[in-house]
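Okay, so here's the structure we're looking at.
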Amino acid sequence: MGGFAEYVCARESALALKPASMTFEEVAAIPQAAVIALQGIRDKGQVQPGQKVLISGAGGGAGTFAVQLAKSYGAEVTGVDNTGKLDFMRSLGADHVIDYTREDFTKNGKQYDLILDVVAHRSAFAYKRALRPNGSYFLTGGSVATIFQILLLGPWIRGTTGKNMRILAVQPNLKDMVHITELYEAGKVIPVIDKTYPLSEVPEALRYLGEGRVRGKVIITV
Ligand SMILES: NC(=O)c1ccc[n+]([C@@H]2O[C@H](COP(=O)([O-])OP(=O)(O)OC[C@H]3O[C@@H](n4cnc5c(N)ncnc54)[C@H](OP(=O)(O)O)[C@@H]3O)[C@@H](O)[C@H]2O)c1
């Protein structure tokens, strides 16, 4: 959480072998973003063929993996991100796209079996409205206010409506990282890399990330 360096100490048990078929840049995109997506779509979401899945922040690091994973499980996928990323989300497999600068997906009357949200900032009731009966909403990142609302109101909403609203606390682990590389080798998932920067240009890389144009991941090379 929060460092860029040429060397780092890590427990051996935290490290996985890089498959020969992948570049260092590609595997660098996996540990956080792809594991968030895998745990949201497969483990918590338990996506089934034909289900309607919405991914909010679908053009970013975790979202690009989530779209591909949800499609590989046979879901009908809606991606939400900014105007410049609509065609990009379609190219990843999204069946429908929503431009968050023009449309609020919680107000258009559509409902989903699963919503995976990496940029939550609305009220818990808005997200509840966009869920089908027995649908699930998982928040992986967003505003503190929304996180608290989901923590406090989630159990009550579950109890009164059957709609499952929870925070997804991602568990980093080797098995999931290795599974993503296997999906890559099976042609089901590719890490999307927008740009790479050398370590000496980390400030430029962060500035670029902040401009809101990044598609997928920005990678630092050493
Ligand atoms: N729960 C956990 O255990 C855990 C662990 C690690 C990380 N996280 C969190 O998980 C999230 C991972 O995100 P990421 O790496 O995928 O981020 P990212 O690469 O920055 O992607 C976020 C995407 O969401 C878009 N976006 C911004 N506002 C939006 C809105 N209102 N509606 C829809 N899309 C919007 C962004 O577009 P723009 O370019 O327009 O901004 C960007 O494309 C972060 O919030 C991180 O803090 C959680």
Side-chain angles (χ1 to χ4, degrees), residues 1-4 14 28-45 53-70 77-92 94 96-108 110 112 114-123 126-127 130 136-151 154 165-173 176-177 180 189-197 205-220:
M1 289 287 179
F4 297 94
I30 290 177
Q32 178 174 291
V35 172
I36 289 175
L38 192 62
Q39 293 181 9
I41 298 294
R42 182 194 63 181
D43 302 344
K44 301 290 179 188
V53 173
L54 180 137
I55 295 150
S56 174
T64 48
F65 282 106
V67 170
Q68 298 178 72
L69 284 168
V77 177
T78 300
V80 186
D81 214 300
N82 71 36
T83 321
K85 298 183 192 175
L86 302 182
D87 284 340
F88 171 61
M89 290 188 287
R90 286 190 194 98
S91 75
L92 294 171
H96 315 282
V97 293
I98 293 176
D99 178 351
Y100 77 78
T101 65
R102 287 161 195 252
E103 185 179 342
D104 180 342
F105 73 84
T106 65
K107 289 187 179 157
N108 64 11
K110 299 204 170 93
Y112 301 90
L114 172 69
I115 298 174
L116 181 65
D117 199 349
V118 305
V119 281
H121 63 278
R122 297 179 179 86
S123 78
Y127 294 121
S136 294
Y137 171 86
F138 290 103
L139 177 161
T140 74
S143 76
V144 175
T146 302
I147 291 171
F148 272 112
Q149 276 204 18
I150 300 295
L151 277 173
M165 305 191 66
R166 295 173 190 269
I167 307 288
L168 169 57
V170 175
Q171 310 294 329
N173 70 83
D176 285 353
M177 287 200 285
I180 295 288
V189 160
I190 49 158
V192 180
I193 297 171
D194 183 298
K195 235 173 173 178
T196 60
Y197 288 85
L206 290 176
R207 259 194 295 278
Y208 179 55
L209 200 62
E211 285 171 11
R213 289 187 287 127
V214 172
R215 293 158 187 220
K217 297 290 284 184
V218 169
I219 303 291
I220 305 299

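In this chain, numbering begins with 1 at the start of the sequence shown. Whatever order the structure lists ligands and atoms in, that order sets their numbers, starting from 1.
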Is [Y] close to [X] at the side-chain level, that is, under 4.5 Å between some pair of heavy atoms?
X: L139; Y: Y127; value: no
X: Y208; Y: V214; value: yes
X: V192; Y: F88; value: yes
X: T140; Y: L116; value: yes
X: V80; Y: D117; value: no
X: K110; Y: L54; value: no
X: R215; Y: T64; value: no

Are T101 and N82 linked by a side-chain donor-acceptor pair shorter than 3.5 Å?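 No pair is found: no donor N or O on one side chain lies under 3.5 Å from an acceptor on the other.
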Proximity to ligand 1 by part of [X], non-hydrogen separation under 4.0 Å:
X: N82; result: side chain
X: L209; result: neither
X: V119; result: side chain
X: A62; result: both

Short list, please: which atoms of ligand 1 are under 4.0 Å from a heavy atom of [X]?
X: G59; value: 43 (O)
X: L168; value: 1 (N), 2 (C), 3 (O)
X: V80; value: 33 (C), 34 (N)
X: A169; value: 3 (O)
X: S56; value: 32 (N), 33 (C)
X: G61; value: 16 (O), 18 (P), 19 (O), 21 (O)
X: Q32; value: 6 (C), 7 (C)
X: H121; value: 31 (N)

Mind checking side chain to side chain donor-acceptor pair (under 3.5 Å) for Y112 and listing every partner two or more places apart, or none if nothing turns up?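 Per chain and number, Y112 pairs via side chain to side chain donor-acceptor pair (under 3.5 Å) with no residue.
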Report the residues that fulfil side chain to side chain donor-acceptor pair (under 3.5 Å) with S143, sequence neighbours left out, ordered by chain and then residue number.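 Partners of S143 by the side chain to side chain donor-acceptor pair (under 3.5 Å) criterion, ordered by chain and then number, come out as T146.
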Who gets closest to [atom] by heavy atom: [options]?
atom: atom 29 (C) of ligand 1; options: F65, Y100, F105; value: Y100
atom: atom 8 (N) of ligand 1; options: T101, T140, D194; value: T140
atom: atom 25 (C) of ligand 1; options: D81, D104, V118; value: D81
atom: atom 5 (C) of ligand 1; options: V35, D117, T64, I36; value: I36

Taking both backbone and side-chain atoms of [X], is any N or O found less than 3.5 Å from an N or O belonging to ligand 1?
X: G141; answer: no
X: V214; answer: no
X: G216; answer: no

Drop me the distance from T83's OG1 to Y100's OH, to the nearest 0.5 angstrom.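 Here the rounded value is 8.0 Å.
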Would you say [X] touches ligand 1, if touching means a heavy atom closer than 4.0 Å?
X: K217; result: no
X: K85; result: yes
X: A33; result: no

Can you list the steps and then say if V77 with L92 is a side-chain contact (heavy atoms from CB on, under 4.5 Å)? CA-CA 10 Å; V77 177; L92 294 171; over 6 Å; no
Taking R42 first and then D176, would you say they form a salt bridge - that is, a charged N and a carboxylate O separated by under 4.0 Å?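 Looking at R42 and D176, the cut-off is met.
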